[in-house]
Number of protein chains: 2
Amino acid sequence: MPQQELLPGTLDLLVLKTLTRGPLHGYGIAQYLLEHSGQLLQVGEGSLYPALQRLLVNGWTEAEWKLTETGRRARVYKLTAAGRKRLKEEEREFERMVGAIQSILKTV
Amino acid sequence: MPQQELLPGTLDLLVLKTLTRGPLHGYGIAQYLLEHSGQLLQVGEGSLYPALQRLLVNGWTEAEWKLTETGRRARVYKLTAAGRKRLKEEEREFERMVGAIQSILKTV
DNA sequence: ATCGATACATCGATAGACGATGCCTCAGCA
DNA sequence: TGCTGAGGCATCGTCTATCGATGTATCGAT
C-alpha cells in the first residue's frame, strides 16, 4: 500500500497559507512545506503545478516571472486579497471537518 | 461554491471507526456519522456504498444479510481483525497528516 | 564532462466523492 | 385505496485531485 503524501483536498489550503509569509515560487513552496512539516508533506510536482494553476485561474494568486539570487528563472506567486479571503474560508472549513472527524474518532 | 461534505480520503476511516461500536448496516452508518458530527458529516449514498465495497474486498469487514426490527432486509457489516488493524493504521496516519497540516497553519 | 539541485510544465492513470437514478418495503394518512 | 416519506440497497457517469513519469533547461561543484 503506497502511503499518501497528502490529505486530498488540502493542498490549496497549504499553498495559500505558505504564501502569507511572502511571495514565493513553486519549488520554494514545496520546500517550505516539507521542512515545516517534519518531512511529512511531500508535494509532488505533478500535484503542485496544477494546484498553482488553479489558484491563479481563480484569482487567489498573481504570478510574475523573476530571477532568483542564483540566476535561475522562477515564477513567483503572490497572494491577492481574494486569496486571503479564500484562505480564511478554507482554514475554517478544514478545522470544522477535522473537528467533526475527531469527534467520531475519540468516542470509545 | 459547493462546500464538500467530506474530507476526501477519510471515509474508510470513519466507517471502520463506526463499526467498532458493533455491526451495522449502511444506512445506519450514515446516520451515525451524521448525528455524531453535529450534522456535518453527510455521507451520500454514492460515496458510502462504494466505500463499503472497498472495505469488504480488502477484508476489513464481513457482511451478512439480515432483517431489521422493522422487517426490512439490510446488509450488516462487521469489523474483522484485519479491519481493526487497518483502522489503527488509518487513525495514526490521519493524526500524523492533520498534525503536519496544523503545524503549517498555526505559524504566524 | 557529468551529476545533483534548482526550476518549470504536462500527460496519463488512478481513485474517490458526488448527484442522479432506479428498485424495493413498510407505516401512516388521506 | 392510493400516496408519500422514511428506510434500505446499489450503480452509473461526471468531475476533480493526486501522483508518477517524463521532458526541458540552468547552475555549481566535482
Side-chain angles (χ1 to χ4, degrees), chain A residues 1-16 23-35 40-58 61 63-77 90 93-94 97 100-101, chain B residues 1-16 23-35 40-58 61 63-77 90 93-94 97 100-101:
Chain A
M1 275 290 101
Q3 68 181 55
Q4 66 198 19
E5 319 289 355
L6 235 46
L7 251 195
T10 62
L11 182 51
D12 293 13
L13 169 63
L14 289 168
V15 171
L16 289 174
L24 199 52
H25 54 282
Y27 195 88
I29 293 171
Q31 273 198 323
Y32 176 84
L33 290 176
L34 191 60
E35 289 168 13
L40 229 70
L41 299 175
Q42 300 179 259
V43 189
E45 302 179 310
S47 308
L48 180 60
Y49 289 108
L52 289 172
Q53 283 304 318
R54 286 197 298 269
L55 300 180
L56 256 188
V57 167
N58 286 306
T61 60
E64 199 183 345
W65 285 99
K66 292 205 175 170
L67 288 182
T68 63
E69 316 84 47
T70 56
R72 289 189 195 80
R73 64 170 194 140
R75 201 171 185 187
V76 173
Y77 296 87
E90 288 213 28
E93 184 60 16
F94 175 76
M97 278 299 158
I101 294 172
Chain B
M1 275 291 101
Q3 67 181 56
Q4 65 197 19
E5 321 287 354
L6 236 45
L7 251 196
T10 62
L11 181 52
D12 293 12
L13 169 63
L14 289 168
V15 172
L16 288 175
L24 199 52
H25 54 282
Y27 195 88
I29 294 172
Q31 274 197 322
Y32 176 83
L33 290 176
L34 191 60
E35 288 169 13
L40 229 69
L41 299 175
Q42 302 179 259
V43 189
E45 302 179 310
S47 309
L48 181 60
Y49 289 107
L52 289 172
Q53 283 303 317
R54 286 197 297 269
L55 300 180
L56 256 188
V57 167
N58 285 307
T61 61
E64 200 183 345
W65 286 100
K66 293 205 172 167
L67 287 183
T68 63
E69 318 83 48
T70 56
R72 290 190 195 81
R73 65 172 191 135
R75 201 170 185 188
V76 173
Y77 296 87
E90 289 211 30
E93 184 61 16
F94 176 75
M97 278 299 158
I101 293 172

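Keep in mind that the numbers below use all heavy atoms, side chains included, and drop hydrogens, waters and symmetry copies. Convention: sequence-line order gives letters A, B, ...; per-chain numbering from 1.
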Please state how far atom [atom1] in [X] lies from atom [atom2] in [N], giving the value in whole angstrom units.
X       : N      : atom1 : atom2 : result
B/Arg72 : D/dG8  : CZ    : P     : 6 Å
B/Glu69 : C/dC26 : CD    : C1'   : 13 Å
A/Leu34 : C/dT6  : CG    : C1'   : 15 Å
A/Leu14 : D/dA17 : CG    : P     : 14 Å
B/Leu67 : D/dG7  : CG    : P     : 17 Å
A/Asn58 : D/dA17 : CG    : P     : 9 Å
B/His25 : C/dT25 : NE2   : P     : 17 Å
A/Leu48 : D/dG20 : CG    : C1'   : 15 Å

Heavy-atom pair with the smallest gap, counting every atom of [X] and [Y]:
X       : Y       : value
A/Ala74 : A/Thr68 : CB-CG2, 3.8 Å
B/Leu48 : B/Val43 : CB-CG1, 3.7 Å
B/Val76 : B/Pro23 : CG1-CB, 3.5 Å
A/Gln42 : A/Glu5  : O-CB, 3.2 Å

5' precedence on DNA chain C between B/Arg73 and B/Thr70 (nearest-nucleotide basis):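 Result of the comparison: B/Arg73.
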A/Gln31 near the nucleic acid: base, sugar-phosphate alone, or nothing, with a heavy-atom cut-off under 4.0 Å?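 A/Gln31: backbone/sugar contact only, no base atoms under 4.0 Å.
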When we call it a touch if two heavy atoms are under 4.0 Å apart, what does A/Gly28 touch: a base, just sugar-phosphate, or nothing?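 No contact at all - A/Gly28 keeps every heavy atom at 4.0 Å or more from the nucleic acid.
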Protein proximity profile, nucleotides 9-17 of chain C - base contact B, sugar-phosphate-only contact S, no contact -, cut-off 4.0 Å on heavy atoms: BB-----SS
Under a 3.5 Å limit for both distances, which nucleotide forms a Watson-Crick or G-U wobble pair with D/dT26, could you say?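 D/dT26 is paired, partner C/dA5.
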Do [X] and [Y] touch side chain to side chain, with heavy atoms closer than 4.5 Å?
X       : Y        : answer
A/Leu41 : B/Met97  : yes
A/Phe94 : B/Ile101 : yes
B/Leu52 : B/Thr61  : no

I want to check one thing: is the phosphate of C/dA7, taken as OP1 and OP2, less than 4.0 Å away from some side-chain N or O of A/Thr68?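 For C/dA7, OP1 or OP2 has a side-chain N or O of A/Thr68 closer than 4.0 Å.
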